[in-house]
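Residue numbers start from 1 in every chain, and the chains themselves are labelled A, B, ... in the order their sequence lines are given, proteins ahead of strands. The basis for the numbers below is simple: all heavy atoms, side chains too, and nothing from hydrogens, waters or symmetry mates.
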2 protein chains.
Amino acid sequence: MFIFSPAMHVGAKKIGGELSERLSTGGFRFTPQRQHVYAVVLQKRDHPTAEEIFIRTKRTMPEISHATVYNCLDALVTCGLVRPVQLERGATRYCPNMEEHCHYFCDACGEVFDVPLQKDSPMKTGLKGFKVDHFDIAVHGLCAACAGKTKK
Amino acid sequence: MFIFSPAMHVGAKKIGGELSERLSTGGFRFTPQRQHVYAVVLQKRDHPTAEEIFIRTKRTMPEISHATVYNCLDALVTCGLVRPVQLERGATRYCPNMEEHCHYFCDACGEVFDVPLQKDSPMKTGLKGFKVDHFDIAVHGLCAACAGKTKK
DNA sequence: TCAAGATTTAGAATAATTCTAAACTGGAGA
DNA sequence: TCTCCAGTTTAGAATTATTCTAAATCTTGA
C-alpha cells in the first residue's frame, strides 16, 4: 500500500480521502502521482507554475515526468480541487484556494495575494443569456513593499 | 509619404493622429507597421491573437514579419492603446477597448464579449497598501447561443 | 549630410505545453 | 489466481507562442 509522503504533515488522511473521492467522482483513478502533486500544490500556496510544481514534486517522487504533472494538474482542475490562474503572458499558475477570491499581482516582484471577494460580485448577471460558470479577477499593480521602494 | 491603408476607412486621420501622439508620448516612433497593426486591431474587435493579427496585417502589408507584430503590439500596450487579454492557456489576445470592462468568454465556442463595468468595482481598495494599476476580469461560461444548444 | 539610435526583418532560440508510443498498473471477470 | 482492458505513466519528440539575434534599413537631430 502507498504510504503518504512526509511532505504532507497536516490533515493527510482527510485530504487524501477528499482527493480520492473527488477523483473518482470525476472518473479518474487515485494515483500516487496525483496525490503527490496535490500535496505539493497545497503545501506552499504561492501560485506555482507547472514547471515549479514539477521541480517540487520531484523532491519526494524523483521519477515523475513532466507530462504526468500536466496530466495530474488537469485532473485536479477538472475535479474542482485546483484552479488555473493566468496572470501574465507565459506559464499558467495553479491555486488550490477554491473560495471565491481575486488575485492581486505585483508587477514588480511577481508576488500573488489571494483576496476574498466581499459582496456578491456583479458578474453574475452582466450579460443577457450568458450562463456563468466561474470568473477570474486579476488586479495588477504594486504590492505594499514594492510601492514603498518605488516612491522613495 | 505613407498613404493610409484602405482597410482603415473610418476616422483614419483622427486615429492616425491619436496613434502618432500616443506613440511619441511613449517614446516610440510612428511607423507604417504600427499604423497597420493598430488599424487591424481596431477594425475587427474580436480579440485576436498575435498570430491572427499577423495574418490580417499581411493582407495590406505582406512583408511584415512576426517579430514586428509582437513589437508593435508591445508598443501599443505600453502606450495604453491596446490591452493584452489572457483568457485561456495559450496565446495572448488583444483588445483595443480601453474602457473599464470585463470579458465574457464562451468556453464552448470561444467567443469573447466586452461587458462594461457598471459600478465602481470593489477592486480599488481590496488589499491594504497595494497600489492598483488596472484589473482584468474574465467571466467563463456559455454564451446564450451555446447554452441553448447544450440544454436541448 | 552624417551619426546615433530606433525599427524591421528572417530565422534561430527558448519556453510552455501537448502528443506519441510503449510500458506499467490495478480492478473485473473467467 | 490469471488475464484482459482501460487508464495512467514515462521519455522524448513535436508543436505552439514568444523572444532573441544580427544585419539591414530608416529617422531624427546636430
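Rounded to whole angstrom, the span from the CZ atom of B:Arg34 across to the P atom of C:dT9 amounts to 11 Å. For the pair B:Glu51 CD and D:dT15 C1', the interatomic distance rounds to 13 Å; values are reported in whole Å. For A:Phe54 and C:dT18, the CZ to P distance is 15 Å, given to the nearest whole Å. In this structure, CD1 of B:Ile53 is placed 14 Å from C1' of D:dT18, rounded to the nearest angstrom. Here C:dT7 presents its P atom at 12 Å from CG of B:Leu76, a figure rounded to the nearest Å. Atom C1' of nucleotide C:dG26 and atom CG of A:Leu23 are separated by 15 Å, given to the nearest angstrom. Atom pair B:Ile64:CD1 and C:dT7:P shows a separation of 14 Å (rounding to whole Å applied). Atoms CG (B:Asn71) and C1' (C:dA6) sit 9 Å apart, rounded to a whole Å.
Distance from the side chain of A:Arg89 is smallest for D:dT19 among the nucleotides D:dT19, C:dT9, D:dT9. Side-chain proximity of A:Gln33 to the nucleotides D:dT18, C:dT8, D:dT10 is greatest for D:dT10. Out of C:dA10, D:dT9, C:dG26, the shortest distance to the side chain of A:Arg29 is found at C:dG26. Out of D:dT8, C:dA6, D:dT10, the shortest distance to the side chain of A:Glu63 is found at D:dT10. Distance from the side chain of B:Ala91 is smallest to D:dT18 among D:dT18, D:dT9, C:dT8.
At the phosphate of C:dA6, neither OP1 nor OP2 sits under 4.0 Å from any side-chain N or O atom of B:Thr31. Note on B:Tyr70: a side-chain N or O is less than 4.0 Å away from OP1 or OP2 of D:dT18. Distances shorter than 4.0 Å separate none of the side-chain N or O atoms of B:Thr68 from OP1 or OP2 on C:dT7.
The heavy-atom pair separating A:Phe135 from A:Arg83 by the smallest distance is O-NH2, 3.3 Å. Considering every non-hydrogen atom in both A:Phe130 and B:Phe105, the closest pair reads CZ-O, 3.3 Å.
Salt bridge present: B:Arg93 and B:Glu88 bring a charged side-chain N and a carboxylate O closer than 4.0 Å. A salt bridge links B:Arg56 to B:Asp46: at least one charged side-chain nitrogen sits closer than 4.0 Å to a carboxylate oxygen.
Along DNA chain C, the nucleotide closest to A:Ala67 and the one closest to B:Gly27 are compared, and the more 5′ of them pairs with B:Gly27. Map A:Thr92 and B:Val69 each onto its nearest nucleotide of DNA chain C; the residue landing nearer the 5' end is B:Val69.
Using modelled atom types and a 3.5 Å distance limit, the side chains of A:His36 and A:Thr57 yield no donor-acceptor pair.
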